[in-house]
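Letters A, B, ... are given to chains in the order of the sequence lines, protein chains preceding strands, and every chain is numbered from 1.
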Amino acid sequence: MQSFIQKCRVSCSTKGLCSGLIASTLLLSLLSSCSWTQQTNLGIDTDRSVQEKTLSLVFESFEPKGQAELDRLKQDRTQQFCSTQRGLKDQSQLTQSTTQDQLAEQIRLENQALITPPKDGNYFGDFKRGELIAQDGRGKTWSDPSESPSGGNCYNCHRISKNELSYGTLGPSLYQFAKLRGINSAKDFAQASQNSSTDPLIQYTWGVLMNSKAYNVCTVMPRFGVTLNHKTQGHGGPILNEQQIKDLMSLLLDPRSPVNE
Amino acid sequence: MFSFNTPFKFVLKHLGAALLYAYAWSAFAQAQQLGVSTDAALAQYRSMLQDANPADLYVAKGQALWTKARGPKAQSLESCDLGLGPGVVKGAWVQMPRYFNDTRRVQDLESRLVTCMEAIQGFNTQEIIAQDFSKGERANIALLAAYVSSESQGMTFKVPQEHALEREMYASGQELFYMRGGTHDFSCASCHTQDGRRIRLQDLPNLSTSAGAGFAFGTWPAYRVSMGSIWTMQQRLADCFRQQRFPKPKYVSPATVALSVFMGVNASGQVADAPGLKR
Amino acid sequence: MRTDRREVLKKGALVAGLLMQSLGYLRSANAYQQNAFDAKSVLDLYKSLGLSVPVESKQITLTTPEIAENGAVVQVAANTTYNNIKRWIFMVEKNPVPLVAIFNLTEDVTPAVTLRCKFAQTSDFLAVAQLNDGKVFFARKEVKVTLGGCGG
Amino acid sequence: MSDPMRIRLQSAGGLTTVKVLMSHEMESGQRKDEDGKIVPIWNIQDVFATLNGRVVMSSEWGGGVSKNPFLQFVLKGTKPGDKLSITWRDNKGDTRTDEAVVS
């Protein structure tokens with residue numbers, strides 16, 4: 001808890017945002033220490049009795065195994081909210097004309113605030129390592145050792161490099177990611193990466209990899225670079241570490257990467 | 001895209017994010033198109049195996065097991081009541097999970113088989129629950145499930161919703177289906193609420209629709225080519241939760257039965273085709 | 001250890017012998033060609049079977065899936081318009097042991113044979129047809145083996 | 001101790017398609033177990049088919065045939081009542097014979 005607030009202080013640029021974040025962090029920790037039945041108290045209009053019955057049924061049905069302890073069933077605010085959003089597919093469908101949409105926007109902003117730039121200001125790594133991370137679907141399950149690094153699972157949902165035919169279609173194709181977005185040469189890439197901290201494509205790609213929920217609040221894409229409130233994440237922090245995210249940045253944006261062939 | 005009463009400020013604030021998002025999805029149609037040839041090739045691979053499903057070998061073993069005197073009481077399961085009366089196997093599976101008067105619980109096929117194995121044959125329920133899939137009596141349950149489900153092949157799903165507990169289990173199953181959690185924010189719905197999508201090369205049935213639920217619920221137990229063995233619905237669900245990064249669901253626990261009620265009821269009117277054949 | 005093995009062999013021989021007797025099938029004429037199943041490459045395999053290197057032929061048709069989502073089970077089929085075929089040799093080129101199966105045909109069967117075999121990786125499937133006149137022909141077709149599941 | 005095969009026959013115009021599923025582990029001798037030790041090869045080596053007692057097809061298999069093997073071939077000049085038998089023998093000496101009748 002303490003270290004989380006400190007981390008947050010370091011990365012906050014304005015005082016207001018910072019105190020807001022601390023408040024919401026406190027709220028989160030309060031929520032996570034609440035009893036199971038109180039978890040759903042978000043003012044969301046759904047059948048309380050069904051939710052309560054389900055939560056107690058879930059609690060008696062699961063057991064901890066390996067690194068997957070029961071705290072994984074405790075939802076944070078994003079997870080609670082998105083569990084109630086059935087059939088909501090896209091950020092573009094939100095209008096803020098309803099309480100639901102306003103709440104969605106609040107939660108999106110909370111997620112946005114968790115995105116931090118790379119510590120050394122360099123957004124890129126090695127696209128070859130990035131490909132391996134994209135291929136790797138291991139990590140964080142009860143059968144994975146808790147200390148080993150996680151993979152990105154990227155091919156489960158996305159088409160990425162041309163030669164890998166075994167790709168999923170839950171997410172958009174990322175083949176020719178940079179090419180389709182105006183980076184066609186080593187020169188384009190050098191130019192963009194020189195202004196990494198302001199380049200919209202670099203900022204967007206980094207942001208989605210760090211915390212997808214900052215762009216589409218209930219997207220099925222995991223929040224790869226932020227620490228959720230699970231005790232068991234203490235072992236390895238977020239799903240991917242900063243270096244892994246940099247390697248994925250190169251996989252997607254480097255013109256030499258097989259993605260941009 | 002936005003309704004007319006949308007505050008203009010909100011639109012402006014989000015135009016950036018929305019545009020970038022639309023941008024990311026722009027290549028989507030292209031990917032779908034490229035996927036067609038792969039899909040056709042995979043369909044060809046699967047249809048070649050479908051014709052002679054190794055699951056048939058396990059159905060024969062399960063049938064032999066059903067009539068064999070076993071367990072501490074040395075009895076066969078021929079008097080087991082799967083919901084249509086003692087000993088009735090034909091058509092029982094397409095009406096499960098259902099409420100059972102004797103246990104006062106809603107039970108799926110495997111849960112009911114465990115009940116019969118304890119009551120009739122004298123096996124210990126807790127020991128069976130503590131075992132691993134594919135080992136000891138759990139391996140036998142997979143054979144029995146293959147046999148029982150095969151006796152409903154070609155029949156139509158009619159999972160009952162008459163008892164209050166059956167309806168309650170449906171509601172809870174639905175709630176759990178959409179419950180996000182774990183390190184990756186996944187719910188069942190993350191993968192199983194859209195038509196025509198794949199994870200890697202695996203087709204993902206849309207379990208919120210009748211056709212999708214019918215296809216998924218109606219083809220487990222199944223012979224898994226990659227495992228060279230029969231997997232039951234309980235095993236399928238447990239491995240889904242593992243990959244969802246959730247803790248482990250206990251064998252035949254209420255949550256797993258609730259999910260089966262949700263799928264089974266959604267599958268109403270669809271035709272059973274188990275045991276199936278899967279990757 | 002040694003006696004166990006001898007026992008097993010003896011028992012096996014006994015059972016097989018009985019079967020053959022009852023079926024009137026002289027198995028001794030067709031002893032299992034272990035050396036062929038030890039060959040680590042297609043060329044070594046031809047050598048161990050005493051075959052000349054076969055010629056590619058359009059008269060052989062192979063039915064294989066383009067993509068296999070699991071290499072453990074891939075269904076392959078071979079057929080040919082040569083009416084004097086006496087033997088099929090099925091191979092998966094890049095398997096550690098390329099030889100999968102040998103089929104000795106008679107006039108009582110058509111040349112069409114289907115089998116499910118393992119692919120250790122993406123590889124060509126090869127079927128060699130040995131004709132009664134001693135000529136050997138082959139056809140090949142690639143099967144791409146992919147990772148089908150979630151990779152978890 | 002081996003389990004029965006499933007033999008299906010489909011006849012049309014004197015041709016009978018034979019589809020056989022066999023119950024066998026078919027260990028390739030290449031696979032490693034959880035402790036990293038090679039699982040010894042255990043596979044069906046010989047398979048032959050007879051029609052009314054006469055051998056019509058014989059084959060030799062290696063560890064590259066899939067677990068629970070499937071084999072299909074076509075008999076010529078069959079008539080109803082013809083008796084087909086399939087026999088396999090594995091490298092441990094275990095054998096199994098099952099029969100089916102052309103209808």
(message) Checking Leu71(D) against Val113(C) for the side-chain contact (heavy atoms from CB on, under 4.5 Å) test, could you report, in this order, the C-alpha distance in whole Å, the side-chain angles of both residues, the deciding distance, and whether it holds?
(response) CA-CA 8 Å; Leu71(D) 167 68; Val113(C) 173; 4.2 Å; yes
(message) Working note: Gln34(C) + Asn91(D), criterion side-chain contact (heavy atoms from CB on, under 4.5 Å); need CA distance, chi angles, decisive distance, verdict.
(response) CA-CA 11 Å; Gln34(C) 186 61 55; Asn91(D) 64 331; over 6 Å; no
(request) For Lys118(C) and Gln30(D), run side-chain contact (heavy atoms from CB on, under 4.5 Å): C-alpha distance rounded to whole Å, both residues' side-chain angles, the deciding distance at 0.1 Å, then the answer. (result) CA-CA 11 Å; Lys118(C) 298 169 192 164; Gln30(D) 310 284 337; over 6 Å; no
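For a residue to count as touching a neighbouring chain, one of its non-hydrogen atoms must lie under 4.5 Å from one of that chain's; by this rule Val92(C) does not touch chain D. Ile41(D) does not touch chain C: none of its heavy atoms, backbone or side chain, sits under 4.5 Å away. With a threshold of 4.5 angstrom between heavy atoms, Glu107(C) approaches chain D through N, CA, C or O but not through any side-chain atom. Heavy atoms closer than 4.5 Å to chain D are found in both the backbone and the side chain of Phe103(C). For chain C, no part of Asp90(D) is nearby; none of its heavy atoms comes within less than 4.5 Å. Of the two parts of Lys19(D), neither the backbone nor the side chain holds a non-hydrogen atom closer than 4.5 Å to a non-hydrogen atom of chain C. Proximity to chain C (any heavy atom under 4.5 Å) is shown, for Thr78(D), by neither the backbone nor the side chain.
The environment of NZ in Lys47(C) is sparse: at most 12 heavy-atom neighbours from other residues, nucleotides or ligands sit within 6.0 Å. Within 6.0 Å of the NZ atom in Lys76(D), the count of heavy atoms belonging to other residues, nucleotides or ligands exceeds 12. Lys135(C) NZ: 12 or fewer foreign heavy atoms inside a 6.0 Å radius. Annotation for Glu66(C): atom CD does not count as buried by contact number, only 12 or fewer foreign heavy atoms lying within 6.0 Å. Around the NZ atom of Lys141(C), the shell of radius 6.0 Å holds more than 12 heavy atoms that belong to other residues, nucleotides or ligands.
Shortest non-hydrogen contact noted between Trp61(D) and Ala101(C) is CD1-CB, 3.6 Å. Closest approach of Ser66(D) and Ala72(C) over heavy atoms only: OG-O, 2.8 Å.
With rounding to the nearest 0.5 angstrom, the CG atom of Asn104(C) is 7.5 Å from the OG atom of Ser59(D).
Of the listed residues (Val74(C), Val97(C), Thr114(C), Thr106(C)), the one with the most heavy-atom contacts under 4.5 Å to chain D is Thr114(C).
Side-chain atoms of Gln45(D) never come within 3.5 Å of backbone atoms of Tyr32(C) as a donor-acceptor pair (strictly under, hydrogens ignored).
Among Val74(D), Leu75(D), Thr16(D), the single residue meeting the side chain to side chain contact (heavy atoms under 4.5 Å, CB included) criterion with Val109(C) is Leu75(D).
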